[in-house]
Enquirer: 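Take a look at this one; I'll ask things after.
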Amino acid sequence: MKVSVIGAGVVGLACASELQARGAKVTIYEQGESVGDSACSWWAGGMLAPWCERESAEEPVERLGAEALDWWDGRVGGVERNGSLVLALGRDAGELRRFARRTSEYEEIDGTRVGAIEPDLAGRFGAGLYFAGEGHLNPRRALADLAKGLAARGAELCFGSAMEPDNAPGDAVLDCRGLAARDVLPGLRGVKGEMLVIRSADVTLSRPVRLLHPRIPLYIVPRGDGVFMVGATMIESDDRTRISARSMLELLGAAYALHPAFGEAEILETGVDVRPAFADNLPRLVRHGNGRVLHVNGMYRHGFLLAPAVARMAAEAVLDATATPEFFQC
Amino acid sequence: MLRVYGEEIASRLLLGTALYPSPAIMVEAVRASRAQIVTVSLRREAGGGGGAGQDFWALIRELGVRVLPNTAGCHSVKEAVTTAQMAREVFGTPWIKLEVINDAETLQPDVFGLVEAAGILTREGFKVFPYCTEDLGVADRLLTAGCEVLMPWGAPIGSARGLNNVYGLRSLRAHFPDVPLVVDAGLGVPSHAAAAMELGYDAVLLNTAVAKAGDPAAMAGAFALAVEAGRTAFEADPIEARDMAAPSTPVLGKAFLE
């Protein structure tokens, strides 16, 4: 079976990988000039945190997201399984209680334990939640490695190619274009996210840290070699031009609150993009026309977390016209 | 029925549309609240001065209820006026919930800027719903500036503390018996809303208490019941509190005491 996949973001690459594993001959069309060039997954945090996400996400995100750690380890490796840490400043203790009520699979820890888990945060926080089963990866490396693996096993990657689903060759077409598919997917909207990449030689973290705040909940993900990703805003807007001053203040403020040494960090990069989402912030598999085209979209802020499960469902739906996986719509 | 700016509104609960886990849950909550007026923010969603929030605003318009755009996040008269003008374009309404924030920590209104902006917007034909404190002098200035409704806080925005100054709110109600008064901000649980309605307030406006609840739609329904209960109680003329017991069944003359 020959399948065209349009879009080389995390969804397109994951779908291509699942299809290739099932014996399909895959061609990937990407309008950008390289992997991640025009994908919002390029800016992702890379947290594989299904239990933390349950705080504001619906049940499928936790259940399906739990598959993600093993999937990514199996495909590209590099998953750091050091758990994740959820903290709040003293006066926001109520936020920590609320987070705990909405989530599971954590250990309530005191300040001593916070310091044992992340020595550089010793003495800075009196309480926290430790989600030992979670992990994180470097999203850019994961995308590049996934593409490399696909190519090594015979997939064709065509960059600089803005293919339309109806014109794409093959027995089946997977449209994984994200927000670019909004013309054929009514209800798809953009949710703006802004992030920073900073470098600090003064602070070492081994796992993502979420800092709860009633107005500005943010997270910091270590990327190794003193590099950290600080993310991410969530704004109902499809503006992807630039980060706002207020957002940068909030992101840096959170980093500074976590550890004042971040005040001397270098700002390596600012990022802004728009996450594709439907009204319920859950993904959709939508079959169109004569059934040759399957749109896979709406990953919202859960690209790396849900791509494995959604790709599996998409591959099943492509290979079996009678399959009606979760999130499937005719 | 609630009357504001010549319009009759069936519900005395106004609901905000921010902070929900998803727009779908926001829609469920608005339905469950039976609110006829929803507030929506524009300042941050508009991006670089354009209409980058259009998708979300389209969802709001599809709710089929009145939209009260707000100037949340504005710290100056100029920002608030510009945001109000953009809101009028986006939603085609002269209604504006006017917020001019002074203190970033407590989000207390800048009452001087508020009065100034209310005057400017009223002259431009806006119907201004000012987010204010319970201060009588400020209320008087806002009415003079052209506001026909006042929206004093119960407590700081999002704080869930309920009615911080019941005396002040009671006093405001007594001083302006004919002005529609809406307790806006600071409510945490339905009993707070019922208490505001029992004071004789015409309506309540809330957002965080519903949006951040574990089940926003259920909480929206609970607030709707509380607002109805509080209003009905107010209209039913509650009894006065007293220090001494007043038995509802007379005991004198009873043959046996069990």
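Just so we're clear, the structure is a prediction, and the values are computed from it rather than from any experiment.
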Enquirer: Looking at residues at least two apart in the chain, or sitting in another chain, which of them share a side-chain hydrogen bond (donor to acceptor under 3.5 Å, both in side chains) with Q108(B)?
Expert: none
Enquirer: Below 4.5 Å from any heavy atom of chain B, which atoms of R240(A) appear? Answer side chain, backbone, both or neither.
Expert: neither
Enquirer: With a 4.5 angstrom heavy-atom cut-off, could you sort out which part of L188(A) is near chain B: side chain, backbone, both or neither?
Expert: backbone
Enquirer: Evaluate the side-chain proximity of L63(B) to M26(B): yes if any heavy-atom separation is below 4.5 Å, no if none is.
Expert: yes
Enquirer: Using a cut-off of under 4.5 Å on heavy-atom pairs, state which of G73(B), A18(B), P23(B) scores highest against chain A.
Expert: P23(B)
Enquirer: Contact part of A211(B) toward chain A, heavy-atom cut-off under 4.5 Å: side chain, backbone, both or neither?
Expert: neither
Enquirer: If we define contacts as heavy-atom pairs under 4.5 Å, which of R246(A), R101(A), R242(A) has the most with chain B?
Expert: R246(A)
Enquirer: F99(A) vs F131(A) aromatic rings, parallel, tilted or perpendicular, using cut-offs 30° and 60°?
Expert: perpendicular
Enquirer: Got a donor-acceptor contact below 3.5 angstrom from the N207(B) side chain to the L19(B) backbone?
Expert: no
Enquirer: Could you check whether any side-chain N or O of E67(A) sits under 3.5 Å from a backbone N or O of P308(A), counting only pairs where one atom can act as donor and the other as acceptor?
Expert: no
Enquirer: For chain B, which of G187(A), S247(A), S244(A) has the most heavy-atom pairs under 4.5 Å?
Expert: S247(A)
